[in-house]
Structure formats: structure tokens, C-alpha cells
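First the proteins, then the strands, lettered A, B, ... as listed; each starts at 1. In what follows, every heavy atom counts, from backbone to side chain, and hydrogens, waters and symmetry copies are set aside.
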Number of protein chains: 2
Amino acid sequence: MSQQPRSRVANRPVTPGRTAPTRPENTALSPTQPPVDDDAVIEVQGVYIISVAARILDMHPQTLRKYERIGLINPGRTIGMLRLYSAEDIKKVRLIRYLSDELGLNLAGVEFALAAFDNMSAIKQRISSRLEGIPAAQKVVQEEMDLLFDSLNLPVDR
Amino acid sequence: MSQQPRSRVANRPVTPGRTAPTRPENTALSPTQPPVDDDAVIEVQGVYIISVAARILDMHPQTLRKYERIGLINPGRTIGMLRLYSAEDIKKVRLIRYLSDELGLNLAGVEFALAAFDNMSAIKQRISSRLEGIPAAQKVVQEEMDLLFDSLNLPVDR
DNA sequence: CAAACTTGACATGACTCGTATCAGACTCTA
DNA sequence: TAGAGTCTGATACGAGTCATGTCAAGTTTG
């Protein structure tokens, strides 16, 4: 299994459409960095520090670190490199846990499944946009692709 | 982790109809058996007993039996219950081996992946048929779904 | 008839996974 | 600024998985 080159920088390339994470009061380790400088400060990456995320998920912090090491998740970082887990990240970990615990996939399988989901979502998007002018066809594809997602037995949460 | 109900992963088939692309049941090897009936035009595809299949695949017979026990494959049987592996079956085992050896999936992951492939194929089929009257849309879907299959990194052979 | 097959049970070595710990350096909050 | 928490990297452990292997007793095939 190949690994993404680890970036040392607070990252999150992000596909379009990612909504700016909110900042719940809850245990938020306020990344209230004094504005390092100009711009950027706006894009708050995560909300929960690893110990909090682990508690929320009832999982061991080391497990979260391992998931990150093998490229399953990609939490943001503070300037000081502390991991920050967004609600998105938490949700993804829950999906990983479902695939692992409930379906019995190993981590290679989880990686495969996540990639498949992503690809399916992307294709659905692409088809829909290419069928812009043909609403009838768009509807058919929408319906069937939803069926396809259903067929994967994902947890309602997802 | 328990693993009795070997259907944890079993994605529900998208279509109620066909499921396994296994060879027609009545294609018994037994030369002593007269063809069940007319249409049994016997494809000379070849049908192998387990020892031959294992040799072809360079795998242990026990491994093939295990794959069958957990539902990954479904070779035919002679009247006397000897397993009969068709070319289809052989190909499927090769895919299983690829997913396992090359991608590192465990058997639960293989089960999941195979089900996903089936469902994707089925959906592609359904969409195509529902788009019968709109060739332009049909073409778009065809292209994109092929892209989706490509994205799964299947071996050329498959 | 003999060879190869059947099912079912159990065993083995190599590997995976989540968890755990240690050390030394760094970050963040109070 | 003190101290609790986090960082990376290494190492380790128990439990589980997987392919393979063996045994026994019975059946099928050529």
C-alpha cells in the first residue's frame, strides 16, 4: 500500500464544497492564534484536539494516530502541529470503525472502500453535470446511483 | 471478533435477479450422464475438478474450499457433489487473489469488493436500459461508469 | 478396485490490529 | 513560567485472520 507523502504543513487540500467548519464552544481548543499575519487565519481546520476526539469516539488516541499514519484520515493541525479533528473527521472515523468492526474489513479494505465511495460520488457528480441539459436522464442516474450507494450498506450516519 | 454470520458484508443485490455468474448448474462433467436435455449444448469452456483447478491457479485445494465455504465462489457440482470449476470460476478466483495479495484486503474486504463490483455492473446495466431512448445520455453514462471501474484498479485480466 | 474426492474438525506459522508504553522534545493554558 | 498535554518514533503484546496442512470416515469416479 502506497502512502501519501506526509505534508508537514497544516493541510487539507479539500475538494470543492467543503463547508467552513464551525467552532462549537464545546471543549474547543480555541485555535485562537494571534493572527500569524495577514490572511489565512480564517480557515480554521479542526475543532477537537486528539484527546477530546478520542473521548468523543471512545477510541484510543494511538488508533487515531495510526489511521492518520496510513492515510485514512487527515486531521488539520495547529501551528504547533497539534492535531485538530473537525466534525467531518469524526464522522469519517465513525465510518472507518463501521467498516472495520461491523463489516470486518481490514485497514487495506477500508482504504479501498473509502476510495470507492469517493470515486462513486465523483462520478455521480460528473454524470449529473454532463447531463445538465437532459433532466429526464439526470433523474434516472440520480435514482440509480442512490440505489448503488444504498447497496453498500453504509450506516445511516455516513 | 466472531465471524459466524458470514454475511455481514453481503451487500444486498441491486437487482432481484441474477447474482452469481456461475456456470449453468446442469453442465455436469460426467460423460456418463446424458445431457439433461436439448439446450445443454455444452460449452467446451472447460470444467475442472478441484485438484485441476488448484493446479491451474497454483493454489491449495483447501483454499478453494474455504473460499467456497465463506461464499466467495460457487463452483458447480457433479451429481455426486464433486466441485466443478468453470473458466468463470477460475477468473473469479484470480480476482480474489489479486484483491487479497496485491491490495491486501482480507476476505471480508474481498466479499465487500466483489459485491460492490456486482452492484456497479448491475446499476450500469439498469441505467443503460432506462436510458434506451436517449443515446447521448447513454453514452455519457457508459463513459463515466467505465471510468469508475478503471478507478478501482482492477487487474487487466479481471 | 484404487485414486481422488467429500465434510468437518483442528493445528500451525506469519501476519494484522488495537492498544500500550517509553523517551525526549515541544505546545498550550492557567 | 509551570505543568499538563501533545508530538514523533520505536517497540511490544494479545487476539484475531489467513493460507496451508493433517486426520478420519465416507463417497464418487475411471
Are [X] and [N] close enough that a side-chain N or O sits under 4.0 Å from OP1 or OP2?
X        : N      : answer
A:Arg83  : D:dT8  : yes
B:Tyr67  : D:dC18 : no
B:Thr63  : D:dT20 : yes
B:Ser100 : D:dA19 : yes

Using whole Å, report how far [atom1] of [X] lies from [atom2] of [N].
X       : N      : atom1 : atom2 : result
A:Arg69 : D:dT11 : CZ    : C1'   : 12 Å
A:Ile49 : C:dC28 : CD1   : C1'   : 8 Å
B:Tyr48 : C:dC5  : OH    : P     : 15 Å
A:Arg97 : C:dG18 : CZ    : P     : 12 Å

Inspect the surroundings of CD in B:Gln125 and state if more than 12 heavy atoms from other residues, nucleotides or ligands are less than 6.0 Å away.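 No, the 6.0 Å shell around CD holds no more than 12 heavy atoms from other groups.
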Does CG in B:Asp58 sit with more than 12 non-hydrogen atoms of other residues, nucleotides or ligands closer than 6.0 Å?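 Open.
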Using the rule given for salt bridge (charged side-chain N to carboxylate O under 4.0 Å, His left out), can you reason through B:Lys92 versus B:Glu88, listing the C-alpha separation, both sets of side-chain angles and the distance that settles it, and then say yes or no? CA-CA 6 Å; B:Lys92 188 164 187 181; B:Glu88 274 297 311; over 6 Å; no
Is the shortest side-chain heavy-atom distance between A:Ile70 and A:Glu111 below 4.5 Å?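 A side-chain contact under 4.5 Å is absent here.
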